[in-house]
2 protein chains.
Amino acid sequence: MSTPAGRTILASTIAKTFVPELEEGLAKLGRKPLLVGFIANQDPAARTYAEYTEKVCHELGFAYEARDVQKEDLEEKIMQANVDDHVDGIIVYFPVFGGRQDQYIQQVVDYRKDVEGLSHIYIHNLYQNIRFLNSEQTQKSILPCTPLAVVKIMEYLGVYNKILEYGNRLYGKTVLVVNRSEIVGRPLAALLANDGAVVYSADVNDIQKFTRGDGLSKIKHQVTDVDISLKDAALQADVIITGVPSPEYKFPDEFVKYGAVCINFSSVKNFNVSVKEHASLYVPMTGKVTIMMLLRNLLRLCNNRALE
Amino acid sequence: MSTPAGRTILASTIAKTFVPELEEGLAKLGRKPLLVGFIANQDPAARTYAEYTEKVCHELGFAYEARDVQKEDLEEKIMQANVDDHVDGIIVYFPVFGGRQDQYIQQVVDYRKDVEGLSHIYIHNLYQNIRFLNSEQTQKSILPCTPLAVVKIMEYLGVYNKILEYGNRLYGKTVLVVNRSEIVGRPLAALLANDGAVVYSADVNDIQKFTRGDGLSKIKHQVTDVDISLKDAALQADVIITGVPSPEYKFPDEFVKYGAVCINFSSVKNFNVSVKEHASLYVPMTGKVTIMMLLRNLLRLCNNRALE
């Protein structure tokens, strides 16, 4: 088997392709939506991310306001922003308290302003493959930013086959997702299965298989525990997606089948550069696409609220 | 200082005092509400708890149905129970998947059937000291079972001073809560602070102080980080409440001031029996009161739904 020299595709390249859609959306809306970012920690990574988001907002014509707050005041400040008509979207930079208290805070954000798409109703709709918020199907549900960014990256890379019907465009594809967090890994596995892929979802404990199941009645994914090694799952995978937060973790090159697509959404690079000796396409980071999805969600939230 | 021989008060003794209220509530309702318990794990503790709940339900005149389900089917089964008019209350026995996926599942339970009071809206109302679900103040919010059980135990033990105004009956009292989980410790600390107590909330990392704050505008608790040792906080406490899940953990007797009230809500006993050489009143377990609160919440949910 030949050893193709894989190409690196940068998130910035993919992110650019969303500019026309966002500009068009803004023009249709006819006003400048305001995204508010709450910073209640001393984490320099949060501030960098906030500053980058602000830069992108200003370049594209969105308004952005960073609000520094004491962590004790955060809940109240979010509640005020929830009912403030000038605020269209809210993002909170975590960690603040850490652990479950942060998940509580995340749910304090009104789902109608939740650009990250992490409100229970959105995650529930994703798992249930429900695409609209109302029965009239005018208000579209929001997808969580990072899983959505990975889907859009896979579309850009041609993994989604546009000749197939919408909702079936990953049919025949096998994907490995190394991460099963409730923020990214599990919703991503469900999204990909809902689009027709066979997905192996790996976490430190085990490997699960997400499929859409057979039959017309199976509108949503099914999950089964499978007894397969990471290597065996990986060697079947057309796409390998990693999201391990540890800088020490590196996905072994030899687990990547020749021609596979490799995408890393962790903030640290989970693949060696040498993965390109196996992979055909390699996306080392996804953050810049995620911000585009944040703004795409912001426009959708504005449109949903306009229909209320 | 004298060394009083403290009394042990069993949860079963306190639980009995709620029987008349529950029977009266049932009579007013005029029908037998159905509580459904979902068991999707192999944990014998969950089954024991389910069987005990069933026993209490039958003794008091509530209907109870244990439903064994595969964990893969749990979400669907909860959704079916959510829209089934015959089901009045739902309890899920955790852990099922463990971690955040269990928290996701908990939020799938419709808040109108959530007897445990763990839906985001209820926890949010607790933290914000909001007592009703609607602006007409006809539908009462639900309090999470275990924190509510601890409050009721404190009322029984005379810690709440009924001469003081409602909402101020812990004024002048200092309480230490050793546990700051999102399920019990943190909501409990907030509840007690909302009732006027000074609360030290300890977890493995630090100690925080919950107070209601001063002034008429401060309707809800305030939280500050404090630099105090567990021993110093404990020695100020009129009430010490523990909820450490580890069987190895024992709260040191010498940290308990003479005459203090000691309550343990962990499923393992966090106090030595010898704590009674310091404590005036000692409640070793709270589970049986918690089940009474579950049924009290069930009646409240029935009444709330009848008003819709």
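Heavy-atom basis, side chains included; hydrogens, waters and symmetry copies ignored. Note that this is a predicted model, so its numbers are computed, not measured. Chain naming here is simple, since letters A, B, ... match the order of the sequence lines and numbering starts at 1 in each.
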message = Heavy-atom pairs under 4.5 Å with chain B: which of A:Arg180, A:Gln70, A:Glu76, A:Lys71 has the most?
response = A:Glu76
A:Glu75 portion near chain B, given a 4.5 angstrom heavy-atom threshold = side chain
request  = Report yes or no: is the cationic atom of B:Arg186 (NZ for Lys, CZ for Arg) under 6.0 Å from the centre of the six-membered ring of A:Tyr104, at an angle within 45° of the ring normal?
outcome  = yes
request  = Among B:Gln107, B:Arg100, B:His120, find the residue that satisfies the side chain to side chain contact (heavy atoms under 4.5 Å, CB included) test when tested with A:Gln103.
outcome  = B:Arg100
inquiry  = So for atom CD, which belongs to A:Gln42, do other residues, nucleotides or ligands contribute more than 12 heavy atoms lying within a distance under 6.0 Å?
reply    = no
remark   = All heavy atoms of A:Glu72 vs all of B:Val223, minimum pair found to be CG-O, 3.1 Å
ask   = By a 4.5 Å heavy-atom criterion (distance strictly below it), what part of A:Ile121 contacts chain B: side chain, backbone, both, or neither?
value = neither
note = dist B:Phe97:CZ -> A:Asn205:CG (nearest 0.5 Å) comes out at 13.5 Å
remark   = Bottom line for A:Gln101: the part with an atom under 4.5 Å from chain B's heavy atoms is both
Enclosure of B:Asp227 CG (heavy-atom neighbours >12, cutoff 6.0 Å) = no
Under 4.5 Å from a heavy atom of chain B, the part of A:Glu182 involved = side chain
ask   = Within a radius of less than 6.0 Å around CZ of A:Phe132, do more than 12 heavy atoms belonging to other residues, nucleotides or ligands occur?
value = yes
